2 protein chains.
Amino acid sequence: MKVSIEVSKVKAREAEASPKPGLDALLPDVFAADCASRGILEHIVSRWGVLVLASLLEGTMRFSALRRRIGGVSEKMLAQTLQTLERDGMVLREAKPVIPPHVEYSLTPLGRQAAHLVWSLAHWSEEHVPQVESARAAYDGRRG
Amino acid sequence: MKVSIEVSKVKAREAEASPKPGLDALLPDVFAADCASRGILEHIVSRWGVLVLASLLEGTMRFSALRRRIGGVSEKMLAQTLQTLERDGMVLREAKPVIPPHVEYSLTPLGRQAAHLVWSLAHWSEEHVPQVESARAAYDGRRG
DNA sequence: CGGCATCCAAAAAGATACTG
DNA sequence: CAGTATCTTTTTGGATGCCG
């Protein structure tokens, strides 16, 4: 049970970190190094977190299906990412007590919100590959 | 000069990547390990990339102003992140040839689009701190 | 099948010193 | 001021073996 201890600590540092005291004091601020929102954001936008959330937007999936869906992810990192997102209340894990094990992962309502946002980013990236690549070519041309 | 000497393991994994050559060859796919969109996405959602883009949404900033705005970022990582985003065509760097140096960073039109998306995520994170924290408390309660 | 524990290599990140 | 160079620490990730 490590609940209310950390809250006071966060609030204390938040006060010293936020540049705009009056209005923003009550709102969490991702720009503050010690704000909880920053940790949440980093879990969501982590290398595999983005792809797990986007994948689960397509529906409930088993561990191995996720592993196949997300190219390049290792077993270890997938398990780790799923645990983090489960703990943050984004992912629901349902394990059927059978042998061999059968475990299904899906999005919670909270996770679905986050997933829609990351999906927008993923989709935007897919659509703007040409622009970025031509920008890179120009940049690399200017330098060596 | 860092060349390709230790490619053996990396190439081995890259080779096993894209499972559907025919249809998806024309559409970039973030889920494919070797797709360019994946690299772009990872630059955008990198630890500091998100915060740089969100900061610059507030307006043009100098290096030191960005450093102050983004709590916890080191000089080195900020410089590195800015270079990556500049190369990807998201950030515009304007250096005035004076002493002491005066360098301004701003978003390109392309970067502004990405920035709006990441800002949504950052803002969402700020707003859902309570939900996530209570989910964590419940999770930690179920376990030890 | 869906993990977890361990070990090790590689990459990312931080601290510090220095420069135009 | 806005970086670069270098060194050290930390984190990440992959490989392997084990288990229910």
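Note that these values count all heavy atoms, side chains included, but never hydrogens, waters or copies made by symmetry. As the structure is a computational prediction, the values presented were derived from the model and not from experiment. In what follows, chains are A, B, ... by sequence order, proteins preceding strands, each numbered from 1.
- Across the protein-nucleic acid pair, B/Met61 atom CE and D/dA2 atom P stand 13 Å apart, rounded to whole Å.
- Atom CD of A/Glu86 is separated from atom C1' of C/dG2 by 13 Å (rounded to the nearest Å).
- Taking side-chain N and O atoms only, A/Gln83 has a distance below 4.0 Å to OP1 or OP2 of C/dC4.
- Comparing the end axes of the helix from C/dC1-D/dG20 to C/dG20-D/dC1, each fitted to five base pairs by superposing C1' atoms of four pairs onto the next four, gives an inter-axis angle of 50° (nearest 10 degrees).
- For A/Arg93, no side-chain nitrogen or oxygen approaches OP1 or OP2 of C/dG2 to under 4.0 Å.
- Counting to the nearest Å, the P atom of C/dA12 and the CG atom of B/Leu78 are 17 Å from each other.
- Within the structure, a side-chain polar atom (N or O) of A/Ser74 is placed less than 4.0 Å from OP1 or OP2 of D/dG14.
- Atoms CH2 and CD1, from A/Trp48 and A/Ile70 in turn, are 7.5 Å apart once rounded to the nearest 0.5 Å.
- No donor-acceptor pair under 3.5 Å is formed between the side chain of A/Thr60 and the backbone N or O of A/Leu56.
- Nucleotide C/dC1 holds its P atom 12 Å from the CZ atom of A/Phe63, rounded to whole Å.
- Between the CD atom in B/Gln131 and the CD1 atom in A/Ile40 there is a gap of 9.0 Å [rounded to 0.5 Å].
- Side chain of B/Thr108 to backbone of B/Gly89: a donor-acceptor contact under 3.5 angstrom is found.
- In terms of phosphate contacts, A/Arg62 brings no side-chain nitrogen or oxygen within less than 4.0 Å of OP1 or OP2 of C/dC1.
- Salt bridge absent: A/Arg93 and A/Glu104 never bring a charged side-chain N and a carboxylate O closer than 4.0 Å.
- A distance of 6.5 Å separates CG in A/Leu85 from OG in A/Ser46, rounded to the nearest 0.5 Å.
- The closest donor-acceptor contact from the side chain of B/His128 to the backbone of B/Trp124 lies under 3.5 Å.
- Taking all atoms of both residues into account, the shortest heavy-atom contact from A/Ala115 to A/Leu53 is CB-O, 3.6 Å.
- Sorted by residue number, the members of residues 97-106 of chain A with any non-hydrogen atom under 4.0 Å from DNA chain C read A/Pro100, A/Pro101, A/Val103, A/Tyr105.
- Distance alone, capped at 3.5 Å, is enough to place a donor-acceptor pair between the A/Arg67 side chain and the A/Val73 backbone.
- Within the nucleic acid shown, A/Gln80 has no heavy atom closer than 4.0 Å to any nucleic acid atom.
- Taking side-chain N and O atoms only, B/Ser64 has a distance below 4.0 Å to OP1 or OP2 of D/dA2.
- Rounded to whole angstrom, the span from the CE atom of A/Met77 across to the P atom of C/dG2 amounts to 18 Å.
- Both A/Trp48 and B/Arg68 lie near DNA chain D, and the one whose nearest nucleotide falls closer to the 5' end is B/Arg68.
- Taking 4.0 Å as the cut-off between side-chain N and carboxylate O, A/Arg38 and A/Asp29 do not count as a salt-bridged pair.
- In this structure, the CD atom of A/Glu75 is 12 Å from the C1' atom of D/dC18, given to the nearest Å.
- Position along DNA chain C of the nearest nucleotide to A/Lys76 versus A/Leu82 favours A/Leu82 as the more 5'-ward residue.
- Rounded to whole Å, atom C1' of C/dA13 lies 12 Å from atom CD of A/Glu42.
- Using a 4.0 Å cut-off, no side-chain N or O of B/Arg67 falls inside it from OP1 or OP2 of D/dG3.
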